[in-house]
Amino acid sequence: MATIDKAYNAHTVEDRWYKIWEQSGAFRGEIREGVDPYTIMIPPPNITGMLHMGHILNNALQDIFIRRARLEGKTALWFPGTDHAGLATQTRVEKKLREEGLHRRDLGREKFLDEVWKWREEHGNIILNQLRKLGASCDWSRTSFTLDDHYYKAVLTSFVKLYERGYIYRGLRMSNWCPVSQTALSNEEVIMKPQRGLFYKMRYEIVERPGEYVQISTTRPETLMGDVAVAVHPDDERYTDLVGKHVWRPFPREKIPIIADKAVEKDFGTGALKVTPAHDQVDFDIGQRHDLPVLDVLNPDGTLNELAGDPFVGMDRFEARKVAARKLEELGNLVDTEQYENSVGFSERADVPIEPRLTMQWWMRYPKVDETKRAVKEGHIRFHPKRWEKTYLHWLETMERDNIDWCISRQVWWGHRIPVWYRKGIGKDDLDFNNPEHVHVSVEGPADPENWEQEEDVLDTWASSWLWPFANFGWPDAEGQTLEELKHFYPTSTLVTGFDIIFLWVARMVMAGLEFMGEEKEKLTSDEIAARIPFKDVYFTGLIRDEKGRKMSKSLGNSPDPLDLIKKYGADGLRFGVVNIAPSGQDILFSEDRVEVGRNFCNKLWNAARFRQMSGEVGNNTSEEVIIDRIDPEKLSTYDHWILNRLEEVTAEVERCFNKFEVHAYPRAMYEFFWNDYCDWYVEASKSRMKDPSTQSTVLAVQDLVLRQVLLLLQPIIPFITEELWQNLGFAGSDSDLLQNCQVKTAVDLKALIEAKVGALDADALAEIELVQELITRIRAMKAEYNVASRRDIPFFIQSDKLPIIDGHMETILNLAQIQSLEAVDDHPEGMPAGVTHLGTAFLDLAHSIDVAAERQRLEKELGKLEKGIRAGEAKMKNGKFLSSAPPAVVEGAREQLAKTQARYDEIQKLLMSLPKE
RNA sequence: GGGCGAUUAGCUCAGUUGGUUAGAGCAACUGGUUUACACCCAGUAGGUCGGCGGUUCGAGUCCGUCAUCGCCCACCA
């Protein structure tokens with residue numbers, strides 16, 4: 001047992017222990033017969049990611065859950081890994097290549113992928129190493145990557161199965177196209193942003209009636225070259241006689257028909273809509289209904305193509321908008337423009353407006369939508385906070401109602417290449433997907449690859465990460481050990497994640513689990529759902545913002561580097577600070593002083609332990625039992641009973657926090673108990689008994705018992721410092737006995753253990769100590785008010801009908817209140833300021849040097865407060881309905897309250913009367 | 001246009017199923033070299049719980065409504 005240094009040096013302690021933990025295998029999650037598993041799958045960070053505050057919050061919480069599970073004796077497995085993050089990583093490496101003057105197309109697919117792998121080897125695990133600094137107790141031996149061979153196979157298998165089951169198809173459909181990344185995106189990767197722009201009102205001349213015009217409004221004049229019709233509502237009388245006629249499209253000048261379609265809103269704009277099937281979903285649908293051609297005037301990179309005609313060819317779409325407007329004006333087609341605000345979809349990653357674009361993509365109809373809803377509705381999966389269930393269900397209902405499919409193909413290279421092969425020599429348009437001679441779909445690929453060409457596209461990253469909870473356990477071909485593990489650890493226990501990926505990831509993982517974790521089945525029973533779900537509880541964290549409520553971002557520079565914070569405050573301090581403010585709501589306003597609170601708490605803990613070590617020899621502390629054996633029940637004071645009762649209470653409170661997922665209440669409860677109850681009151685009150693040889697060993701044993709339990713309870717939040725103190729206070733039998741491997745006693749067990757040895761804990765101690773503390777606080781306040789706070793030679797008097805209690809705590813009162821004496825009196829000594837408490841009225845002897853005016857003011861103020869209470873209490877007592885309908889305990893409580901308040905009131909009233917006249 | 005959430009002390013937030021006179025941390029102010037801790041100790045001040053209405057013996061807590069703010073979903077060009 002080392003001597004505890006005066007100052008806690010977080011860095012050396014943290015680095016040292018992390019190594020020991022890892023080497024000792026403390027984080028290994030392995031099957032133990034007859035022991036309940038507790039599993040967390042890390043939300044795999046992107047390999048491009050750097051640790052930010054969001055990760056800290058997220059992973060600190062996971063670590064807390066997993067460490068608590070270990071303490072509860074479960075087989076805890078926290079499964080780590082990273083996500084290949086297709087588009088993000090590819091963009092990153094392309095950027096690097098561009099700096100070297102290269103483009104991915106120069107290298108070709110294979111060489112480019114080599115470059116990405118190289119980059120991944122260098123940078124891909126940085127974030128996991130950063131998590132180690134935080135203290136994350138992952139089972140690193142299992143670290144997984146979504147492009148590992150087995151994972152790759154799992155992804156392809158899921159594709160093939162869904163294809164065979166009819167959920168996946170290829171189709172030419174309107175999709176969200178990102179002109180910068182040049183790939184399709186799913187709806188979830190498109191972010192709607194309000195945009196201020198212009199609303200152009202144009203007029204097209206009617207072919208059959210020269211000189212007459214139809215007015216049309218648009219926000220996108222640059223696409224008018226792709227117009228193939230003008231549509232009006234069939235019931236719109238203004239246009240009835242025009243339907244079937246034509247207008248002149250100004251450029252390229254061409255006749256296009258006026259058609260009637262119900263999709264047009266009569267009351268919006270002019271009621272006439274230009275139809276551009278290649279660049280808008282509604283227009284496309286109209287085009288389909290009216291058999292209109294599709295004129296795509298855009299290139300994949302967002303510039304205009306030959307179909308747009310001069311001068312637009314090769315021009316960027318935003319430039320083209322201005323030029324088109326100018327041209328309309330020159331031609332006399334522009335009627336007017338007005339300011340306009342509408343929502344435009346942006347590519348999440350590239351942050352540019354997406355283009356609705358007609359492209360050939362792979363689509364997935366979501367499987368098991370109904371069961372995915374039922375998993376939550378029937379309570380198999382519980383969300384914390386519960387309100388996110390509504391968001392989840394609402395999204396699923398929308399998917400179901402509107403038949404929204406998932407665009408799963410991406411036109412990038414880094415990812416899982418879609419396992420579909422097309423027979424060479426067959427034209428794209430002639431492919432028959434029902435003919436195995438034309439299209440081959442399998443995990444292994446065709447036996448004669450030379451005759452086939454593989455699909456170029458890869459899968460959406462989320463179409464791989466949705467398998468995370470079971471692909472990591474060896475699915476689809478888990479066997480032997482991995483199969484055992486899949487059975488043992490799946491469904492996993494708790495998912496900790498941000499609500500922002502509830503659709504992208506959470507809902508889809510549930511679907512994947514329901515679809516794949518068992519035989520293929522159209523409909524699932526409730527029991528089957530329970531067996532297949534990927535996790536039982538989902539804990540959603542808030543989003544971390546800066547102290548002004550702004551999103552943390554690199555460009556704002558308002559995102560602190562967590563590693564700097566660890567350097568400054570220690571990982572434990574950071575963890576405590578962050579968890580202390582964890583799930584307040586949607587947003588978490590972060591500022592550094594939160595972390596300061598955590599650091600200060602660690603400092604307090606450190607010093608309390610140090611004080612214990614300085615106060616007397618540390619005996620055998622290796623179990624609760626041996627510590628309790630050192631307690632002499634005869635020597636236990638009311639204060640001891642009080643702190644042991646409180647220890648039981650706080651232990652129960654921590655249990656409740658975990659059971660109910662009320663994580664934020666947990667550090668709060670510990671802070672309050674340890675700092676206020678233990679340090680400020682119990683230790684202070686015990687100081688004299690610690691020096692008294694007859695009581696010392698008992699008091700120190702009580703302290704050891706409290707400290708031991710406190711370290712166990714705090715270990716999940718602040719694992720490093722607790723481990724260090726665990727050793728230093730002799731709770732470990734030897735250097736190799738780690739706190740990590742210990743279990744925590746439940747409140748019930750702890751109490752039973754104590755009571756078995758020392759007899760029943762005095763439950764009344766709680767109330768009694770409260771009275772004593774109130775008196776001490778009152779006396780301290782009086783001293784401060786009369787500017788004698790620092791003097792210890794002030795005598796006090798007390799008038800009380802509970803003198804035995806006061807006598808029993810006399811030493812404590814004198815010590816903690818820092819007064820010379822507390823002498824009982826029968827009456828109010830003349831001219832002394834008084835403080836009324838539930839234990840009696842205390843008088844401060846200032847040798848009659850009282851400031852009468854100040855005293856009167858103070859007493860009157862208090863009288864005012866009490867009067868309010870009395871009025872409220874009396875109203876209740878007169879209220880027959882209250883007396884008859886409120887529970888007896890509440891009525892009794894109110895009655896007592898009133899009596900006490902009344903007594904205090906009378907007391908103060910008397911004091912006031914006895915004040916000398918000014 | 002739908003939906004979700006928030007509004008409590010100067011700031012950030014607690015406040016469990018309605019039940020004593022609404023709490024904490026930070027900041028502020030006052031006083032402290034109490035031999036564990038100034039990353040500390042003691043104390044003080046600060047709130048008509050967003051407004052209005054309702055249910056109830058009783059509302060910060062439940063219901064309605066309005067206001068402000070935030071988020072999500074949605075093909076009015």
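Computed over heavy atoms, backbone and side chain alike; hydrogens, waters and symmetry mates excluded. So that the names make sense, note that chain A is the first sequence line, chain B the second, and so on, each numbered from 1.
When rounded to the nearest whole Å, the span between CG of A:Asn580 and P of B:C39 equals 20 Å.
A cation-pi geometry, defined here as NZ or CZ lying under 6.0 Å from the six-membered ring centre and within 45° of its normal, does not hold between A:Lys604 and A:Tyr671.
Close to B:C40, at under 4.0 Å from its OP1 or OP2, lies a side-chain N or O of A:Asn600. Residue A:Trp675 has no polar side-chain atom (N or O) positioned under 4.0 Å from OP1 or OP2 of B:G25.
Among the heavy atoms of the strands lying under 4.0 Å from A:Asp680 are primed sugar atoms or P, OP1, OP2 only; no base atom is included. Contact annotation for A:Lys266: no contact, since no heavy-atom pair falls under 4.0 Å across all strands. Residue A:Val264 is classed as a base contact, given a heavy-atom separation below 4.0 Å to a base. Among the heavy atoms of the strands lying under 4.0 Å from A:Thr219 are primed sugar atoms or P, OP1, OP2 only; no base atom is included. At the heavy-atom level, A:Gln281 lies nowhere under 4.0 Å from the strands shown. A:Ala781 comes within 4.0 angstrom of sugar-phosphate atoms only, judged by non-hydrogen atoms across all strands, and of no base. Note on A:Glu672: nothing from the nucleic acid sits closer than 4.0 angstrom, heavy atoms only.
Place A:Asp267 and A:Phe611 on RNA chain B by their nearest nucleotides, and A:Phe611 ends up nearer the 5' end.
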